[in-house]
Protein chains: 2
Amino acid sequence: MTQWVDEHGKLVFDVFAKACTSRATLEHVTGRWGVLTMVALRDGTLRFNALRRRVDGVSEKMLAQTLQALERDGFVHREAQATIPPRVDYTLTPMGRQTADSLLSLVELVESQMVEVEAAQARYDTAKGD
Amino acid sequence: MTQWVDEHGKLVFDVFAKACTSRATLEHVTGRWGVLTMVALRDGTLRFNALRRRVDGVSEKMLAQTLQALERDGFVHREAQATIPPRVDYTLTPMGRQTADSLLSLVELVESQMVEVEAAQARYDTAKGD
DNA sequence: CGGGATCCTTTAGGATACTG
DNA sequence: CAGTATCCTAAAGGATCCCG
């Protein structure tokens, strides 16, 4: 059971509750590096360092950590070859691709809103200024 | 210009770049409290403390901070009445509602995936265990 | 009631060095 | 190449008090 209605008949999701699994999982995919990693993997398999170059500013540590969380949740598949030098490929699972699609439409939406967002920020800042 | 193609012809978004406005804005809406606040406001106007009760675990400080960021970006409208006691209503702007819709479908998707996610986590943990 | 200001703790995250 | 381990700093976040 992941949703119910509150005393006013409104739909409430499990994710609103402090101690729930879905909140943690949601944070993995919506986190700063989670979103970018998922969207980057959406158009194909990538190796660790390729992924790192794609997601500007991510450190080794954070990328490794992000990928492990996403792999554990079942969004990302990790394929390691025991060669020298090692080669590790990261791919989205079917479930991961579904989620990445949703994330991508969010990213596209926000990108399309940026002109309006920056206008709103300018208005907000001048209103506070005086 | 918010997107372009890289050397391999792949679509790349501005959000992938470290220093860009869209990345910051995206983080406001995808942040831990941003998602929940936007989704909570999606089915109507809410006052500060009502919102706080809805989003389990959020502190006064973080809710205020989240709302200010979302207001500055133009996603949330703040309507204050100079009465005693004061009354402040928070509503989504049209742009905010659009974004909240996208966020809601993401939340619904993740909630629907939780059974599979928990199965994946169990598999991952036992695989690491031995 | 809706915050702001202050103080403090905890976590995220970067830099560097090292390993199979 | 693909990480892990360690150390450290900066930012997130909570608790409390106060004010209009």
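Below, chains carry the letters A, B, ... as their sequence lines are ordered, and counting in each starts from 1.
- Checking the phosphate oxygens (OP1, OP2) of D:dA2, a side-chain nitrogen or oxygen of A:Asn49 falls inside 4.0 Å.
- Side-chain N or O atoms of A:Arg97 include one that pairs as donor or acceptor with a backbone N or O of A:Arg42 at under 3.5 Å.
- In terms of phosphate contacts, A:Arg32 brings no side-chain nitrogen or oxygen within less than 4.0 Å of OP1 or OP2 of C:dA12.
- Comparing B:Pro86 and B:Gly57 against DNA chain D, the residue whose closest nucleotide sits nearer the 5' end is B:Gly57.
- Considering only side-chain atoms of B:Met62, the nucleotide from D:dG13, D:dA2, C:dG14 that sits closest is D:dG13.
- Using a 4.0 Å heavy-atom cutoff across all strands shown, A:Gln68 reaches sugar-phosphate atoms only and no base atom.
- Within the 4.0 Å cut-off from OP1 or OP2 of C:dG2, not a single side-chain nitrogen or oxygen of B:Arg87 is found.
- The distance from atom CG of B:Leu46 to atom CZ of B:Arg52, rounded to the nearest 0.5 Å, is 14.5 Å.
- B:Arg52 comes within contact range of no nucleotide atom at all, as no heavy-atom separation falls under 4.0 Å.
- Toward the 5' end of DNA chain D, the nearer of the two residues A:Phe48 and A:Lys18, judged by each one's closest nucleotide, is A:Phe48.
- Taking only side-chain nitrogens and oxygens, B:Tyr90 never comes nearer than 4.0 Å to OP1 or OP2 of C:dC1.
- For B:Arg72, the side chain to side chain donor-acceptor pair (under 3.5 Å) partners two or more places apart in sequence, or in a different chain, are A:Asp125.
- Between the side chain of B:Asp56 and the main chain of A:Ala17, no donor-acceptor pair closer than 3.5 Å is present.
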